[in-house]
There are 4 protein chains.
Amino acid sequence: MAALQKSIDKRNALIDATIELVNNDGFHATPMSKIAKMACVSPATIYLYFENKQDLVNKTYIEVKSSYTDYAFATYDENLPVEKGFEIIWKRIAQFKLKESTYATFLAQCDNTPMIDEASRQEGIKHLQPLLDLWARGKKEGLIKQLSDYMLYAYAINPLSFLMIAQNRGSIQLNDQELQQAYEAAWNSIKVCK
Amino acid sequence: MAALQKSIDKRNALIDATIELVNNDGFHATPMSKIAKMACVSPATIYLYFENKQDLVNKTYIEVKSSYTDYAFATYDENLPVEKGFEIIWKRIAQFKLKESTYATFLAQCDNTPMIDEASRQEGIKHLQPLLDLWARGKKEGLIKQLSDYMLYAYAINPLSFLMIAQNRGSIQLNDQELQQAYEAAWNSIKVCK
Amino acid sequence: MAALQKSIDKRNALIDATIELVNNDGFHATPMSKIAKMACVSPATIYLYFENKQDLVNKTYIEVKSSYTDYAFATYDENLPVEKGFEIIWKRIAQFKLKESTYATFLAQCDNTPMIDEASRQEGIKHLQPLLDLWARGKKEGLIKQLSDYMLYAYAINPLSFLMIAQNRGSIQLNDQELQQAYEAAWNSIKVCK
Amino acid sequence: MAALQKSIDKRNALIDATIELVNNDGFHATPMSKIAKMACVSPATIYLYFENKQDLVNKTYIEVKSSYTDYAFATYDENLPVEKGFEIIWKRIAQFKLKESTYATFLAQCDNTPMIDEASRQEGIKHLQPLLDLWARGKKEGLIKQLSDYMLYAYAINPLSFLMIAQNRGSIQLNDQELQQAYEAAWNSIKVCK
DNA sequence: AATGAATGAGGATTCATTCAT
DNA sequence: CATGAATGAATCCTCATTCAT
C-alpha cells in the first residue's frame with residue numbers, strides 16, 4: 001500500500017533523525033523542531049506518530065535495541081558448540097558496535113542516562129535471552145565460569161562499548177588483528193582456565 | 001579566612017547539587033534554578049562561581065574525575081611489582097565506583113554523552129597517567145599483553161562501570177567474593193598467559 | 001431522500017456535539033477535532049457543513065435560540081388576555097430553561113461572552129417578537145408597567161436564567177410550588193399594582 | 001517600600017489587562033503574550049505572580065468579586081431597617097454594575113462559563129453574606145417573602161446583570177428615573193404585599 | 001559578594017484548517 | 001460527499017542569564 005509505506009517511511013525518518021541529533025547534541029539540545037526539519041516533516045506531524053518527546057525517545061530506544069539484538073543473533077544457531085556460538089555472537093556484536101556506531105552510540109547514551117523510561121529499559125533487555133541461554137549452557141558444560149550474567153556481560157561484551165566510543169572519538173581505529181585480540185580477551189575473561 | 005571558606009563551601013554545594021540533580025534527572029532536566037535551590041543560593045550566585053551552565057558542568061566533571069583518580073592512586077606506590085600495583089589500583093577503583101556511586105554515575109553519564117566539552121574531557125583523562133605507566137612497565141616486563149591502553153582499559157577497568165550501573169539499578173549486589181572474582185577476570189583479560 | 005437525511009443527521013450531530021462540549025469545557029477548550037469525534041465524523045467533514053469554527057458556533061447559537069423561542073410560543077395564542085398569555089409564555093420559557101437546561105446553558109454562555117458574532121446575536125433576538133407584542137398590548141391596556149422591553153425582560157424573564165444555572169450547579173432544585181412562586185414574583189414585578 | 005509597591009503595581013496591571021482583554025475577546029482569544037504586553041511586562045513575568053493562565057483568571061475573578069461586594073456593602077449599616085438597608089445595598093450594586101461595567105462584565109462572563117474553577121467560584125460567593133443576613137432579618141420581620149436566597153437574588157439582583165449587559169451593548173441607557181423604577185421592581189418582587 | 005526580580009529567546013505541544021485520495 | 005493525514009501558525013510555559021539593589 002503506497003499510503004501505508006509513506007507512513008512507515010515518515011516514522012523511520014523521525015526515528016533516524018532522533019538518533020542522529022541526540023547522538024550529536026544530546027537529548028537536551030535536540031528540539032522537536034530540529035528533528036522535524038531533519039525528517040522533512042512539520043513539527044506537528046511528529047505527534048501523529050508519537051505521543052510526545054519522551055515517547056519518541058523511548059520508542060526509538062526500543063527500536064534500536066531490538067535491531068541490535070536482531071543483528072547479534074542473525075547468524076547464530078543454538079546447536080553450535082558453546083565456544084563457537086559465543087565467538088559468532090561476539091563478532092556480530094562487535095561488528096554492530098563498530099560498524100553501526102550510530103546506533104551503538106545512541107544505545108550507550110540511553111543506557112547511561114535517565115533519558116529513558118524504566119519500562120522501555122526493561123523492554124529493551126528482554127531480547128538478549130539467546131546469549132544468556134548460551135552462557136547457561138556453557139556453565140553447565142564447565143566451559144564458562146560460574147559468574148552471574150551481569151558479570152559475564154561486563155567482561156565479555158561491555159568492553160566493546162568503550163572501544164566503540166573511543167573509536168568514534170577518533171582515539172583508536174581497530175583493525176582485524178586487534179579485533180581478534182579483543183575477542184580473545186573477552187573469551188579469556190569468562191572461559192574456565194584449564 | 002571565614003569569608004574564603006564560605007565561598008568554597010558555596011562552590012562545593014553547587015558542585016554537589018549539580019551531580020545529584022544530573023544523576024537523577026539528566027542534564028536536560030536540570031535547570032539552574034533547581035541547582036541553586038538545592039545549594040541554597042540564588043540563581044544569580046551561580047554566575048559568580050561559574051561562567052554559565054556549560055562551564056558549571058565542565059568544572060564539575062573535572063573535579064569529580066580528579067577526585068576519582070586521586071582516590072584510585074592514593075595507596076599506590078610506583079615501586080610495587082606490576083601485579084600487586086595493578087591489584088591495588090583496581091581495588092581502589094572498584095571501591096570508588098561501587099561505594100561512591102554518586103560520583104561514578106555522574107562520570108558515566110558524562111563519558112557517554114555530548115554533555116561535556118571536548119577540552120574538559122581531555123583534561124579529565126590526564127590524571128590516569130600512573131595507571132598507563134604501570135601498564136607500560138608491565139608490557140616491558142612481559143607480564144601484560146601488548147595491547148593498546150584503550151584495549152587494556154576496556155577490559156580491565158571499564159567492566160566496573162557496567163557493574164556499578166547494574167548495582168545502582170538494584171539488579172545486582174556485589175559481595176567481597178564476587179568482587180574478587182571480578183578482579184581476577186580483569187587481571188586474566190590483560191595478563192600474559194604463561 | 002436517504003442521502004439528504006444522512007446529511008441532516010450529520011449536521012445535527014455536529015450541532016449537538018458543539019453544545020455539549022462548549023457547555024462542559026467552554027468555547028476555548030473545545031477543539032474542532034473533539035467536536036468531530038463526538039459527532040462521529042472526520043474533522044474535515046465539519047467544513048462541508050460550516051465555514052469555520054466561528055460559523056459553527058454562530059449557527060449553533062441561532063439554531064438553539066430559535067428552538068428556544070419556538071418552544072416558548074408553541075402553546076401561545078395572541079387572542080388570549082394579557083395576563084393569561086403572559087403566564088403561558090412564562091411557564092413555557094421556565095420549562096425550557098429548567099428542563100432543556102443543556103440548550104439554556106449554551107444560550108447563557110453565548111449571551112454573556114464575546115463568543116458570538118454581533119450579527120448572529122441580532123438574528124437571535126428577532127424571534128422574541130410575540131412576547132414584545134404581548135407586552136405592548138399589556139401596557140396599552142394599563143395592565144403592565146410603562147417600562148422598556150429590556151426592563152421587563154430583565155425582571156420577568158431573566159431571573160429564570162439565574163435559577164437555571166443555580167439548578168444546574170446543584171445549588172437548588174425547584175419544585176412546582178416554587179415555580180409558581182417564581183411566576184408570581186415575575187408577574188408582580190411587571191404588573192401595574194392596583 | 002518601593003520594591004514591594006512596584007510588585008503590587010505589576011500584579012494589578014496584570015489583573016487589569018486580563019479583565020480588559022477577556023471582556024473584549026473572551027478567554028479563548030486572550031493569549032498570555034497579549035496580557036503581558038498590555039501590562040507592560042514580559043510574558044515570563046506573569047509566571048512570577050501566577051502559576052498559569054487558569055490561576056491568573058481564577059485570582060482575577062476572586063479579586064473582582066471581592067471588590068464588587070466591598071463596594072456593595074461599603075455604605076451599609078446592619079442597624080438600618082430592612083427596607084432602607086436593602087435600598088442602600090441595591091443601589092450600590094446597581095451603581096457598581098452600571099458604572100464599573102468593566103468589572104461587572106467580567107463577572108458575568110465568569111459566572112456563565114466553565115472558565116473558572118469551582119473552588120474559586122465558591123470563594124467568590126462567600127462575601128455576599130451581609131445581604132443574606134439582611135434577607136433573613138426581613139423574612140423574620142415579615143417584610144420579605146419566604147423565598148430561598150437564590151430566588152430572592154434571581155429577582156432582586158440578577159436583573160441588574162441583564163440591564164448592565166444591555167447598556168454595555170448600547171441597547172439602552174438607564175437614567176435616574178429608570179433606575180428608580182428598576183429599584184422599585186426589585187423591591188416589589190421580593191417584599192410581602194400587604 | 002549576594003540576591004531576587006525580571007526577561008527574551010526558545011521549546012513542546014495544540015489546533016483550525018486544508019488537501020490528496 | 002467524506003476522510004485521515006498533514007501542517008504552519010500560534011500558544012503556554014520554561015529557563016539560562018542579567019541587573020538593580
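Chain identifiers are assigned alphabetically (A, B, ...) following the order of the sequence lines, protein sequences preceding nucleic acid strands; residue numbering begins at 1 within each chain. Worth saying up front: this structure is predicted, and the values here are computed from it rather than measured.
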The side chain of [X] lies closest to which of these nucleotides: [options]?
{"X": "D:Y47", "options": "F:dT14, F:dT3, F:dT18", "value": "F:dT14"}
{"X": "D:M32", "options": "F:dC12, E:dT17, E:dA2", "value": "F:dC12"}
{"X": "A:P43", "options": "E:dT17, E:dT13, F:dC12", "value": "E:dT13"}

Integer-rounded Å distance: [N] [atom2] and [X] [atom1]:
{"X": "D:F50", "N": "F:dT14", "atom1": "CZ", "atom2": "C1'", "answer": "18 Å"}
{"X": "D:D25", "N": "F:dA10", "atom1": "CG", "atom2": "P", "answer": "15 Å"}
{"X": "B:R11", "N": "E:dA2", "atom1": "CZ", "atom2": "P", "answer": "13 Å"}
{"X": "A:K6", "N": "F:dG4", "atom1": "NZ", "atom2": "P", "answer": "16 Å"}
{"X": "A:N52", "N": "E:dT14", "atom1": "CG", "atom2": "C1'", "answer": "13 Å"}
{"X": "A:Q54", "N": "E:dT13", "atom1": "CD", "atom2": "C1'", "answer": "15 Å"}
{"X": "D:I8", "N": "E:dA5", "atom1": "CD1", "atom2": "C1'", "answer": "15 Å"}
{"X": "D:I35", "N": "F:dC12", "atom1": "CD1", "atom2": "P", "answer": "8 Å"}

Does F:dT21 have a Watson-Crick or wobble partner in any strand here, with both distances under 3.5 angstrom, and which is it?
E:dA2
Does F:dA16 have a Watson-Crick or wobble mate here (both distances under 3.5 Å), and if so which one?
E:dT7
Got a second to check how far D:I62's CD1 is from D:C110's SG, nearest 0.5 Å?
10.5 Å
Rounded to the nearest 0.5 Å, the OG1 atom of D:T105 sits from the CG atom of D:N23 at a distance of 5.0 Å
Just by distance, do the side chain of D:E20 and the backbone of D:I15 share a donor-acceptor pair under 3.5 Å?
no
Here's a test of your reading of the structure: between A:T45 and C:T45, which maps to the more 5' nucleotide of DNA chain F?
C:T45
Between D:S33 and C:L48, who's closer to the 5' end of DNA chain F by nearest nucleotide?
C:L48
Is there a side-chain contact between C:Y49 and the phosphate of F:dA2, meaning an N or O under 4.0 Å from OP1 or OP2?
yes
Within the pair A:K10 and F:dA5, is there a side-chain N or O less than 4.0 Å away from OP1 or OP2?
no
Looking at D:I19, D:D117, D:D111, which one forms a side chain to side chain contact (heavy atoms under 4.5 Å, CB included) with D:Y61?
D:D111
Go through the steps to decide whether A:F27 and A:T113 satisfy the test side-chain contact (heavy atoms from CB on, under 4.5 Å), and finish with yes or no.
CA-CA 10 Å; A:F27 181 83; A:T113 278; over 6 Å; no
Relative to the 5' end of DNA chain E, which residue comes earlier, C:A44 or A:A44, by the nucleotide with the nearest heavy atom?
A:A44
Assign each of A:K53 and D:C40 to its nearest nucleotide of DNA chain E by heavy atoms, then name whichever residue's nucleotide is nearer the 5' end.
D:C40
Once hydrogens and angles are ignored, does a donor-acceptor distance under 3.5 Å link the base of F:dG4 to the side chain of C:S42?
yes
